There are 2 protein chains.
Amino acid sequence: MVTRGIRGQGSRSGGRPTLEEVAARAGVGRGTVSRVVNGSPRVSEETRAAVEAAVDELGYVPNRAARALAANRTDAIALVVPEVESRFFAEPYFSDIVRGVGAALDSTEMQLLLTIVGNDRERSRLARYLAGNRVDGVLLVSVHADDPLPELLVQLDIPVVLSGRRSENEPLAWVDADNVAGARSAVSHLIARGRRTIATITGLLDVYGAQCRLDGYRQALAAAGLDADEGLVAPADFTEEGGRRAMTELLERRPQLDAVFVASDVMAVGARQVLRERGRTVPDDVALVGFDDSAIAHRMDPPLTSVHWPIEEMGREMTRVLLAEIADRRPATTRGTKGRQIVLPTKLIPRASS
Amino acid sequence: MVTRGIRGQGSRSGGRPTLEEVAARAGVGRGTVSRVVNGSPRVSEETRAAVEAAVDELGYVPNRAARALAANRTDAIALVVPEVESRFFAEPYFSDIVRGVGAALDSTEMQLLLTIVGNDRERSRLARYLAGNRVDGVLLVSVHADDPLPELLVQLDIPVVLSGRRSENEPLAWVDADNVAGARSAVSHLIARGRRTIATITGLLDVYGAQCRLDGYRQALAAAGLDADEGLVAPADFTEEGGRRAMTELLERRPQLDAVFVASDVMAVGARQVLRERGRTVPDDVALVGFDDSAIAHRMDPPLTSVHWPIEEMGREMTRVLLAEIADRRPATTRGTKGRQIVLPTKLIPRASS
DNA sequence: ATCACACATGGGAGCGCTCCCACAGTACCT
DNA sequence: AGGTACTGTGGGAGCGCTCCCATGTGTGAT
């Protein structure tokens, strides 16, 4: 290996000042400077002032590597996105999450590491990275049910917060939207508008959130005393094409339907196309409600009623929970669920489609 | 300050193994393990095998903080984007750059830190971060001429590579597209198609790249022996609205023009609108060529001829140059420009607009 | 056989911090 | 007067590595 000739590069002469140098300048001990820099209250006012002056004069900035080594913390958290890059940039979801996380971190000294894990090579690199003690905690967004990352993090005993649960009894910390209530409000809204034969197009049902949205649909029907008709439930996969197929199926099976609750806006786009092709008008013949309140919802013709969920706030909450987990560090098994598992409210945004 | 109770968390019992433990297990010294882990050739085959076995058995992963402290390097580089988040996610440019950087880093142990600096608060946080010795080098994209970041990095003696120059004699390392040749090829193409009164809409002329594109325009005219007519040059600002204004101006000043070279696709969209409003057909009345070959170029009606530049490759090259700078660490002033300043070729993509 | 020189190896020193123990000083009780 | 308690402070130990020097051990030339 090539000798890097780095040693000494940043030392004594002209390099970054060290704690010791600040201490010498301020005429105090190393420990005292450390206390001042870290905001410990156990320092007298005069001493603090003297140290702060020395810090300013020398332009002292703590060496993070040294701090990380000595304190066994890094003051950095990772936002891990197990998706290919293109999706990361394409979906507004991630942009909102990043904004929320950034906002929550703004008042902190924590640094955010954005890690996009698109393939297995990158995944194993991340695993090595995490094992190398490089972050204090991990925010895991868009995690699939079979992803090994959460398990890995548990093994490494690194605090983690998920966006969304993987199942009803998710043991890890998470922040999730209230999908059940969101779906319920959508379907109740359709009922309130006089619809009686309400179908639903679901997402991939092994995704927990999709299951919740279906549950909400059923609850709303039950609450209104409407019969549950399994012929009105068409499973799909969150894609536009899936929405097309499911809508086609529904029209064949239950031509008399007068409303559809679609579990994502993207699928609603597909459903809308099929309705137009079959000559059904929206909302007169068939009312349509989507989920996600994404940008396409506005742009549809007619604009799509949709269930909004606060993505940016999810980012903020996830960060808050993670910072708490980090501060409260103790064996993961002794932590309860309180305050570590958070449901955020959803909100129906009525538009012309219903 | 609250006692964190962290110390010991990752030590002896059950925690991450250390070099020393691997050494004990393999029956060798600490130095030898370090050599094996870092791929030094000065280790015998048997010893290497024994150490590697011990590493595997214990699941040893080097502690990066310790390594960073001891070796004064971090094995991480930052990609700094001085833009608001929304632009970062909106512009395909950044996604391509990130892809290129990721590709170049794929075979490395280097970690990428994505840092979006949207406001001054974040900028000063970044400054503190960089001063804290946290990265070995910085990739600076989309840097504005008056941004203080490059200077800061020079002062901190942190290797940096820019995407694009700030001026003709950019002293820092950079990777840039050949804007002059790109513009020249666009205008030569128009000349070859028989156009004789060729106007241009420029970008913000205090951006060096915009200046280059204007130079290329002039060179192509001169090479063809066409007169330079300053009335055919309309300065704009890279926005769609700017393109509209400039096109309007040009049509008033030189109604006889038969072609326009527009220094960005976005401005070309604006120009196209004005031409349509004035009843000028494209390409019959006026031929149009853009720059950037962005997604909108395909979608225009007619599809826009545009100058392509290899953004992903820029990301790759920037990374390559930065890694070389880091490996070759020595006083910045003694480094020449060779291999540190790279021009990548552009390519004209002819479409129906010309 | 002797010297010279390579190569492989062990381990000390030290990177710049945090943590914590020890100690001095002061204050307030008994 | 001594005891206890607390506060502010200095500095040792140690985090887990890398770098390098010293030491061994083997090889070939003399």
Side-chain angles (χ1 to χ4, degrees), chain A residues 1-12 15-24 26-51 55 58 60-75 131-134, chain B residues 1-12 15-24 26-51 55 58 60-75 131-134:
Chain A
M1 170 165 270
V2 178
T3 303
R4 273 189 211 75
I6 290 181
R7 178 164 285 248
Q9 168 263 331
S11 59
R12 278 320 63 71
R16 317 246 204 300
T18 70
L19 248 201
E20 202 99 33
E21 285 161 19
V22 175
V28 300
R30 188 166 23 78
T32 302
V33 177
S34 175
R35 274 181 287 261
V36 171
V37 170
N38 291 290
S40 158
R42 330 196 122 281
V43 182
S44 73
E45 263 326 304
E46 312 121 86
T47 310
R48 180 182 306 281
V51 170
V55 165
L58 295 176
Y60 170 75
V61 178
N63 180 317
R64 301 285 208 128
R67 178 178 276 180
L69 179 60
N72 198 29
R73 69 192 157 95
T74 65
D75 291 335
N133 257 348
R134 303 266 298 195
Chain B
M1 170 166 272
V2 178
T3 303
R4 273 188 211 76
I6 291 181
R7 179 163 284 248
Q9 168 262 332
S11 58
R12 274 324 60 74
R16 319 247 204 297
T18 70
L19 248 202
E20 203 99 35
E21 284 162 18
V22 175
V28 301
R30 190 168 20 80
T32 303
V33 178
S34 174
R35 274 180 287 262
V36 171
V37 170
N38 291 290
S40 159
R42 330 197 121 281
V43 183
S44 73
E45 263 325 306
E46 312 121 88
T47 310
R48 180 181 306 278
V51 170
V55 165
L58 296 176
Y60 171 74
V61 178
N63 180 317
R64 302 286 208 125
R67 179 178 275 178
L69 180 60
N72 199 30
R73 68 193 156 96
T74 65
D75 290 334
N133 256 347
R134 304 265 297 194

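The structure displayed is predicted, hence computed values, not measured ones.
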Asker: To the nearest 0.5 Å, what is the distance between OG1 on A:Thr74 and CZ on B:Arg134?
Answerer: 6.5 Å
Asker: What I want to check is whether the side chains of B:Asn63 and B:Arg16 have a donor and an acceptor closer together than 3.5 Å.
Answerer: no
Asker: May I ask you to evaluate whether B:Thr32 reaches the phosphate of C:dG10, defined as a side-chain N or O under 4.0 Å from OP1 or OP2?
Answerer: yes
Asker: May I have the distance from A:Asn38 (atom CG) to C:dG16 (atom P), rounded to whole angstrom?
Answerer: 17 Å
Asker: Rounded to the nearest 0.5 Å, how far apart are CD of B:Glu21 and CZ of B:Arg30?
Answerer: 13.0 Å
Asker: Step by step, work out the side chain to side chain contact (heavy atoms under 4.5 Å, CB included) result for B:Arg35 and B:Val28.
Answerer: CA-CA 11 Å; B:Arg35 274 180 287 262; B:Val28 301; over 6 Å; no
Asker: Side chain of A:Arg42, heavy atoms from C-beta onward: which of D:dG10, D:dT7, C:dT18 has the nearest atom to it?
Answerer: D:dT7
Asker: Whole angstroms only, please: what is the CD-P distance between B:Glu21 and D:dG16?
Answerer: 8 Å
Asker: Need to verify one output field. Residue with the more 5' nearest nucleotide on DNA chain C, B:Arg30 or A:Ala65?
Answerer: B:Arg30
Asker: Considering just the side-chain nitrogens and oxygens of A:Asn63, establish if one lies under 4.0 Å of OP1 or OP2 belonging to C:dC15.
Answerer: no
Asker: What is the distance, rounded to the nearest whole Å, between atom CD of A:Glu46 and atom P of D:dT9?
Answerer: 8 Å
Asker: Using whole Å, report how far CD of B:Glu20 lies from P of C:dG11.
Answerer: 9 Å
Asker: Ignoring backbone atoms, establish whether A:Asn72 has a side-chain N or O less than 4.0 Å from OP1 or OP2 of C:dT18.
Answerer: no
Asker: Enter the distance from A:Arg42:CZ to A:Arg48:CZ here, rounded to the nearest 0.5 Å.
Answerer: 11.5 Å
Asker: Let me know, please, whether B:Arg48 or B:Leu69 comes out on the 5' side of the other along DNA chain C by nearest nucleotide.
Answerer: B:Arg48
Asker: Do B:Arg35 side-chain and C:dG10 base share a donor-acceptor contact under 3.5 Å?
Answerer: yes
Asker: Please state how far atom CZ in A:Arg64 lies from atom P in D:dC15, giving the value in whole angstrom units.
Answerer: 23 Å
Asker: Quick one: is A:Ser44 getting a side-chain N or O under 4.0 Å of the D:dT9 phosphate, OP1 or OP2?
Answerer: yes
Asker: Let me know the distance between CD of B:Glu45 and C1' of C:dA8, rounded to the nearest Å.
Answerer: 13 Å
Asker: Counting side-chain heavy atoms from CB outward, which of D:dG16, C:dT9, D:dT18 is closest to B:Leu19?
Answerer: D:dT18
Asker: I need the CZ-C1' distance between B:Arg67 and C:dG16, as an integer number of Å.
Answerer: 18 Å
